[in-house]
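The structure under discussion appears below in the form of structure tokens.
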Amino acid sequence: MQVAIYCRLSVEDQYKTGDSESIKNQLLLLEDYANTKGLSIYDYYIDDNYSGLDKSRPAFNRLLQDAKNHCFDIILCKNQSRFTRDLEIAEKYLHGLFPLWNIRFIGVGDGVDTNNQANKKIRQ
């Protein structure tokens, strides 16, 4: 199975201490997950210095276009908030379009998995 890795770092995250949200740490986590599960990485989509509410993120929009074109099977993110902080966008893609496109979304850190109907509440 082919996976897309999506990472995002907002300006506010750069100044946090403790559990780092850095792009480097997100990549390490997601690559390790993909390797452990025997998944092939299709491409990396990285938005640095963008808010999770920003709908004009370049890598985010490229990811959505590639998902629509069925370029990969799974999207991996550290957690759902790295993908979006906009509930309308989460609903549109995680519950609407991704299932129609047969794209699975996995938030490695928060347990979000669109193949698991039991955790739909986590995704809301």
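Small disclaimer: the values here were computed from a predicted structure and weren't measured.
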*Tyr6: what forms a ring pair (Phe, Tyr, Trp, His ring centres under 6.0 Å) with it, not counting sequence neighbours?*
none
*Does Asn102 reach the main-chain N or O of Asp73 with its side chain, forming a donor-acceptor pair under 3.5 Å?*
no
*Does Leu97 share a hydrophobic cluster with Leu63, counting links as ILVMFWY side-chain heavy atoms below 4.5 Å and allowing steps through other members?*
yes
*In chain order, what residues pass the ring pair (Phe, Tyr, Trp, His ring centres under 6.0 Å) check against Tyr33, with sequence neighbours excluded?*
none
*Residue pair Tyr42, Asp66: steps toward the side chain to side chain contact (heavy atoms under 4.5 Å, CB included) verdict*: CA-CA 10 Å; Tyr42 170 76; Asp66 286 353; 4.1 Å; yes
*Can you tell me how far the CZ atom of Phe98 sits from the NZ atom of Lys68, to the nearest 0.5 Å?*
12.5 Å
*Linked, directly or transitively: Leu28 and Leu9 (ILVMFWY side chains, under 4.5 Å)*: no
*Roughly how far apart are Tyr93 OH and Gln80 CD, rounded to 0.5 Å?*
14.0 Å
*Pairwise distance CG(Asp110) to NZ(Lys78) - rounded to 0.5 angstrom*: 10.0 Å
*What do the steps show when you test Asn79 against Ser81 for side-chain hydrogen bond (donor to acceptor under 3.5 Å, both in side chains), and what is the final call?*
CA-CA 5 Å; Asn79 52 50; Ser81 70; 2.6 Å; yes
*Ile74 side, atom CD1; Ile103 side, atom CD1 - distance, nearest 0.5 Å*: 9.0 Å
*Heavy atoms, side chains only, cut-off 4.5 Å: are Lys37 and Val3 in contact?*
no
*Atom CG of Asp54 and atom CD1 of Ile89: how far apart are they, to the nearest 0.5 Å?*
10.5 Å
*asked:* If the threshold is 4.0 Å, N to carboxylate O, is there a salt bridge linking Asp113 and Arg104?
replied: yes
*So do the side chains of Cys7 and Tyr44 get within less than 4.5 Å of each other, counting heavy atoms only?*
no
*Quick check: does any side chain N or O of Asp47 sit under 3.5 Å from a backbone N or O of Phe60, one acting as donor and the other as acceptor?*
yes
*With a 4.5 Å heavy-atom cut-off, do Arg57 and Tyr45 have their side chains touching?*
no
*Do side-chain atoms of His95 reach the backbone of Ala90 as a donor and acceptor pair under 3.5 angstrom?*
no
*Run through Leu94, Val112, Leu76 and flag the one making a side-chain contact (heavy atoms from CB on, under 4.5 Å) with Phe83.*
Leu94
*If you group Ile, Leu, Val, Met, Phe, Trp and Tyr by side-chain heavy-atom gaps below 4.5 Å, do Leu53 and Ile46 land in one group?*
no
*Do you know the tightest heavy-atom contact between Thr84 and Gly52?*
OG1-O, 3.3 Å
_How long is the straight-line distance from CD1 of Ile106 back to OG1 of Thr114, given to the nearest 0.5 Å?_
7.5 Å
*Taking all atoms of both residues into account, what is the closest heavy-atom pair of Arg85 and Arg8, and its distance?*
NE-NH2, 3.7 Å
